[in-house]
Novice: 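Let me give you the structure first, and then I'll get to my questions.
Chain identifiers are assigned alphabetically (A, B, ...) following the order of the sequence lines, protein sequences preceding nucleic acid strands; residue numbering begins at 1 within each chain.
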Protein chains: 2
Amino acid sequence: MAATMQDVAQRAGVSIKTVSNVVNGYPYIRESTRQRVLDAIQALDYQVNAAARNLRTGRTGIIALALPELSLPYFAELADAVIEAADEQGLTVIIEQHGGRRERELDVLSGVRRHLTDGLIYSPLALGEGDEARLEVDFPLVLLGERIFHDPVDHVTMDNVEAARAATAYLLGLGRRRIAVIGVHPGEVVGSAGLRLTGHLAALAEAGIPPDDALLGPAGLWHRATGAEAMASMLDAGVRPDAVFGLNDALALGAMHELQLRGLRIPEDVAVIGFDDIDEGAYANPGLTTVDPGREQIARTAVEMLSTRIGSRGATAPHRVVADYTIVVRGSTEPGHDRPA
Amino acid sequence: MAATMQDVAQRAGVSIKTVSNVVNGYPYIRESTRQRVLDAIQALDYQVNAAARNLRTGRTGIIALALPELSLPYFAELADAVIEAADEQGLTVIIEQHGGRRERELDVLSGVRRHLTDGLIYSPLALGEGDEARLEVDFPLVLLGERIFHDPVDHVTMDNVEAARAATAYLLGLGRRRIAVIGVHPGEVVGSAGLRLTGHLAALAEAGIPPDDALLGPAGLWHRATGAEAMASMLDAGVRPDAVFGLNDALALGAMHELQLRGLRIPEDVAVIGFDDIDEGAYANPGLTTVDPGREQIARTAVEMLSTRIGSRGATAPHRVVADYTIVVRGSTEPGHDRPA
DNA sequence: CCCCGAGCCTACATCGTTGTAGAGGCTCGC
DNA sequence: GCGAGCCTCTACAACGATGTAGGCTCGGGG
């Protein structure tokens, strides 16, 4: 049986409340008393009972991170960063995988685990315009990604349009003209797919290049497999791009795999750029050029925003932070860039 | 303010305990009463307060999964599987990243979060022989991986020796004779590195091939980067293997990257096999042949074992489960195997 | 000399739930 | 028609911590 404050109090010859005060850093305690209590704690290997503290204070010290799935490297790396950032704030993270399924995404907002947590960092996929109202919840919430405009809550995101524009502009700068886009969600406007496509089209327009629907490869899920499939059907249809813009790295890597299977050389025949800068891209063959969306910064900012929200019960106006992006050049667009790995 | 059982009880005109009984499925309740309570719960949008329940029952419904880091795809995919399996048992998972650092690994066993959780699924890296005693903890614990022999606790693992022997035997069967091993931990016996090397050497011995130390590439951390480095220094030293056995997939992919940078063809010049069967391997170029260690099975078994342990306070003898492995053949060892992706 | 505030500590109620014990009423077999 | 046993429900005391309120001592200002 684990020791309780009662046991510590008895051993130190003080009241239970004094033990509580020592544990919580209450200043008005005689040094000798504090020492006696600390010794007793040590001797009994006492640790505060989280459940009891939670009940009394209404805080659990746990935050939830809801994301599609950890098997997707981007989200695994994001989770890694969030957990580290949370650790620094003394917070523990539980992960909820919703798999991009609308019903599970909604569950996250109302589910049982809400009572287990002080707040939520939420990266939805299926939710979109029209769901704003669902986000008006009575617990601290920080939104990741860019599914929803005019949202009533804290939000950390990146400028998808601008970053995608830069990616396409970069390919155009290399002299590429027939740029395939893999991972398109036809009709979508507000999600990452829609926004990145918008940026891409804007760059084409600036360069005076007419868009070509045959170069848009749809892929609902952004996995390697779907990227490969989308690439394959485009090639099977006789389309011959000289560059590929994967709307995320997994798609780009899948597409790259398919291109190489068919004997196309990268970057000579086809240049490939991705989005996310997952670790894996640096070790692909060739290394994958990509857009670094500032994942670290996003994770850290999100945790800090949530932490402040939790701290101050007062309803402040929602904040919106936009992370910086960078283009990371590797061998999939320019030969010879893989050396420093 | 969230509704409490008190509120529900009042609205339904019953005692608070009856509400509790309804919520917990106590059988002896008149159907009409149950309905009234359920209606009240619905009307008030009542959800049980987890903290209070935890305090009373001593259970939190949370388990911890301790692993090196989520950035390593193997562990991300493992975490995915564990979370799903836990969900089915009604358990929530928190993830603790210890980064393979001994001190943090020990923290996991005694840290504050112990009080937050009902049990721990523990995948250590730095712990090893001599640490058995530390595992004699007073909470449910299931060990993953094969760091420690004669352990006093539940353990889910795979037969590393046998699987590695099969991997090397497979390469030998292809006619390869100079097999480099990447990721060796010199002097280690009980960890994955040691065991897999043992299996490798056994296969060589069976085939009557003398081992060659020059073909052993050390790498402490099993990342893509360290795999590439180990491969590079071996090649720089003038060693020319005709096959590479990466002790995990990340190492193998790093090595593959380095080989290709130097213009070596895979599998013609060098065949490459990995270990773990991470998703990424299927989409490498060429696809990475690997050993599938039965990750799903491991995750599911571990959660179930932990769940039973939590359920029955009685100290049963520790169980040990060994998962099945399979060799997954792809293009990195045999051309033409990548078609079905 | 008394009062006041700062410093140090304690008693008590309380957070929201569940375990224990048992009060009634009913059915059933003899 | 009566006790045994089942069904249905309730009162009360925990679980282990923290918030509130207040007691006591001591030194210094009025």
Novice: Give a yes/no on whether any side-chain N or O of A/Ser20 is located under 4.0 angstrom from OP1 or OP2 of D/dT18.
Specialist: yes
Novice: Give the rounded distance in Å between these two atoms: CG of B/Asn49 and P of C/dC15.
Specialist: 12 Å
Novice: Rounded off to whole Å, could you give me the CG-to-P distance for the A/Asp7 and D/dC15 pair?
Specialist: 11 Å
Novice: Nearest whole Å is fine: how far is D/dC15 C1' from A/Leu55 CG?
Specialist: 9 Å
Novice: Rounded to whole Å, how long is the line connecting atom CG of B/Asn24 with atom C1' of D/dC9?
Specialist: 15 Å
Novice: B/Tyr46 side chain: which of C/dT17, D/dG16, D/dT18 is closest?
Specialist: C/dT17
Novice: Taking only residues two or more places apart in sequence, or in another chain, which ones meet A/Glu304 in a side chain to side chain donor-acceptor pair (under 3.5 Å)?
Specialist: none
Novice: Measure from CG on A/Asn54 to C1' on D/dA17 and round the result to the nearest Å.
Specialist: 10 Å
Novice: For A/Asp118 and A/Thr60, test the side chains for any donor-to-acceptor distance below 3.5 angstrom and give the result as yes or no.
Specialist: yes
Novice: Output the rounded distance in Å from CZ (A/Arg59) to C1' (D/dG19).
Specialist: 14 Å
Novice: With the sugar-phosphate defined as primed atoms, P, OP1 and OP2, and the base as all remaining atoms, what B/S/- string results for nucleotides 4-14 of chain C, 5' to 3', for protein heavy atoms under 4.0 Å?
Specialist: ---SBBBB-BB
Novice: Just the rounded figure in Å: distance from P of D/dC15 to CE of A/Met5.
Specialist: 15 Å
Novice: Once side chain to side chain donor-acceptor pair (under 3.5 Å) is applied, do any residues pair with B/Thr4, and if so which ones, sequence neighbours excluded?
Specialist: none
Novice: Quick check: are there more than 12 heavy atoms from other residues, nucleotides or ligands sitting under 6.0 Å from CD of A/Gln10?
Specialist: no
Novice: A/Gln47 has an atom CD; how far is it from atom P of D/dA17, in whole Å?
Specialist: 11 Å
Novice: May I ask you to test the A/Gln97-A/Pro68 pair for a side-chain heavy-atom distance under 4.5 Å?
Specialist: no
Novice: Are any non-hydrogen side-chain atoms of A/Ile62 and B/Leu116 less than 4.5 angstrom apart?
Specialist: yes
